[in-house]
Amino acid sequence: MSIKIAVAQFGATTDKESNLEKVRGLIERAAGDGAGLVVLPENAMYSNPDVTADISGAVESLDGPFVAAVGEAAKRHGTAVVAGMTEKLPDNPRSSNTVVAFDADGARIGVYRKVHLYDAFGYKESDRIQPAEFTPLTFGMGGLTFGVMTCYDLRFPEIARLLVDAGANAVIVPAAWVVGPAKEDHWTTLARARAIENTSYLVMSGQSGPNCTGQSMIIDPMGTIVASAGESEGLASGALSAERIDQVRAKNPSLANRRFTIAALPSA
């Protein structure tokens with residue numbers, strides 16, 4: 001079994017209506033090209049690179065208009081969708097960096113709230129985002145099991161392994177990978193490493209410039225980049241198959257040969 005996946009990238013801004021139109025347009029384009037699953041970036045609903053900005057008026061609950069609109073687009077075009085948003089949390093001045101997954105009927109099938117916050121490279125995401133307890137989001141589609149993590153999570157190999165232990169053989173990574181010296185190289189190197197060490201697909205959707213690197217891509221379980229969207233707004237697509245996972249794991253049984261287990265740490 002196989003499924004065609006599209007990674008869709010654009011540079012989200014503080015204009016939520018404009019962002020939503022981009023999201024709708026990319027879903028339509030991907031579905032028209034035969035994609036059964038469309039992956040959009042982290043913070044696709046709203047993105048403000050100024051960590052000191054007050055974003056309280058822009059965040060939404062899971063019952064808000066952004067989630068409803070993306071679900072409607074998924075249903076209209078008959079494709080599953082994964083997209084990032086900033087979620088309003090009850091009784092909390094901080095928000096959640098949240099990824100929402102929808103099936104091809106537009107139904108919400110799960111959420112992942114970001115665990116590792118980007119307090120690095122001179123940025124402090126935790127000033128306005130609440131770190132979540134790790135709860136794996138996995139879902140089956142096209143004969144594969146997808147797991148979800150977000151952006152900075154990519155730098156922590158344990159979370160990818162925990163997703164694989166939860167059954168995932170394809171890991172989705174919505175991101176807003178900030179530009180900077182060596183950052184694009186880190187993005188590619190870490191993604192290929194996660195694919196190789198877990199003999200799993202990596203499905204990477206990153207925001208494009210000017211603030212982020214773009215380079216959305218699909219990586220196969222041998223670490224080969226099979227599709228890349230480059231720097232500009234647009235799509236890249238590729239077919240993922242369970243048969244390819246089986247072939248690679250027969251040749252490189254590193255998961256079967258490992259001698260250590262991974263467990264999530266309690267929150268600090």
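All values below come from the heavy atoms of this structure, side chains included, with hydrogens, waters and symmetry mates left out.
Side chain of Thr224 to main chain of Val226: no donor-acceptor pair is present (N/O by atom type, distance under 3.5 Å, no hydrogens or angles). Remark: the backbone N or O of Ser200 is not paired with any side-chain donor or acceptor of Asn169 at under 3.5 angstrom. Distance alone, capped at 3.5 Å, is enough to place a donor-acceptor pair between the Ser216 side chain and the Gly206 backbone. Between the Gln9 side chain and the Gly230 main chain, a donor and an acceptor come within less than 3.5 Å of each other. The closest donor-acceptor contact from the side chain of Arg161 to the backbone of Arg194 lies at 3.5 Å or more, if one exists at all. Asn19 places a side-chain N or O within 3.5 Å of a backbone atom of Asp15 that can act as its donor or acceptor partner. The backbone N or O of Val39 sits less than 3.5 Å from a side-chain atom of Ser205, completing a donor-acceptor pair.
Residues meeting the side-chain contact (heavy atoms from CB on, under 4.5 Å) test with Glu158, sequence neighbours left out: Phe156, Ile262. By the side-chain contact (heavy atoms from CB on, under 4.5 Å) test, Pro253 is found to be paired with Ala256, Asn257, residues two or more places apart in sequence or in another chain being considered. By the side-chain contact (heavy atoms from CB on, under 4.5 Å) test, Asp127 is found to be paired with Val51, Lys124, residues two or more places apart in sequence or in another chain being considered. The side-chain hydrogen bond (donor to acceptor under 3.5 Å, both in side chains) check on Arg94 picks up Gln130, with sequence neighbours excluded.
From Ile5, atom CD1 reaches atom CE of Met141 across 8.0 Å, with rounding to the nearest 0.5 Å.
The two residues Asp33 and Lys4 have their closest heavy-atom pair at O-NZ, 2.8 Å. Considering every non-hydrogen atom in both Thr199 and Ser254, the closest pair reads CG2-OG, 4.0 Å. Nearest approach of Ala176 to Cys151, heavy atoms of both residues: N-SG, 3.5 Å.
Screening Ile172, Ile218, Leu190, Val173 for a side chain to side chain contact (heavy atoms under 4.5 Å, CB included) with Leu202, the sole residue that qualifies is Val173.
Hydrophobic clustering (ILVMFWY, side-chain heavy atoms < 4.5 Å, transitive): Ile27 and Val203 are in distinct clusters. Under a hydrophobic clustering in which Ile, Leu, Val, Met, Phe, Trp and Tyr are joined whenever their side-chain heavy atoms come within less than 4.5 Å, directly or via other members, Leu89 and Val115 fall into different clusters.
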Pair up each side-chain donor or acceptor in residues 232-243 with any protein partner under 3.5 Å, not counting sequence neighbours, and list the distances.
{"from": "Glu233", "atom 1": "OE1", "to": "Lys22", "atom 2": "NZ", "distance (Å)": "2.9"}
{"from": "Ser241", "atom 1": "OG", "to": "Arg244", "atom 2": "N", "distance (Å)": "3.1"}

Side-chain donor-acceptor pairs of residues 64-80 under 3.5 Å, sequence neighbours excluded:
{"from": "Thr79", "atom 1": "OG1", "to": "Ala35", "atom 2": "O", "distance (Å)": "3.0"}
{"from": "Thr79", "atom 1": "OG1", "to": "Gly36", "atom 2": "O", "distance (Å)": "3.2"}
{"from": "Thr79", "atom 1": "OG1", "to": "Leu37", "atom 2": "N", "distance (Å)": "3.4"}

- request: Please lay out, stage by stage, how Tyr112 and Asp153 fare under the test side-chain hydrogen bond (donor to acceptor under 3.5 Å, both in side chains).
  value: CA-CA 12 Å; Tyr112 168 69; Asp153 285 333; 2.7 Å; yes
query: Should Lys114 and Glu42 be marked as a salt bridge (Lys or Arg N to Asp or Glu O under 4.0 Å) after you check the CA-CA gap, both sets of side-chain angles, and the distance that decides it?
result: CA-CA 10 Å; Lys114 192 176 182 183; Glu42 175 187 26; 3.0 Å; yes
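Taking the six-membered ring where the residue is Trp, Trp187 and Trp177 present tilted rings, their angle falling between 30° and 60°.
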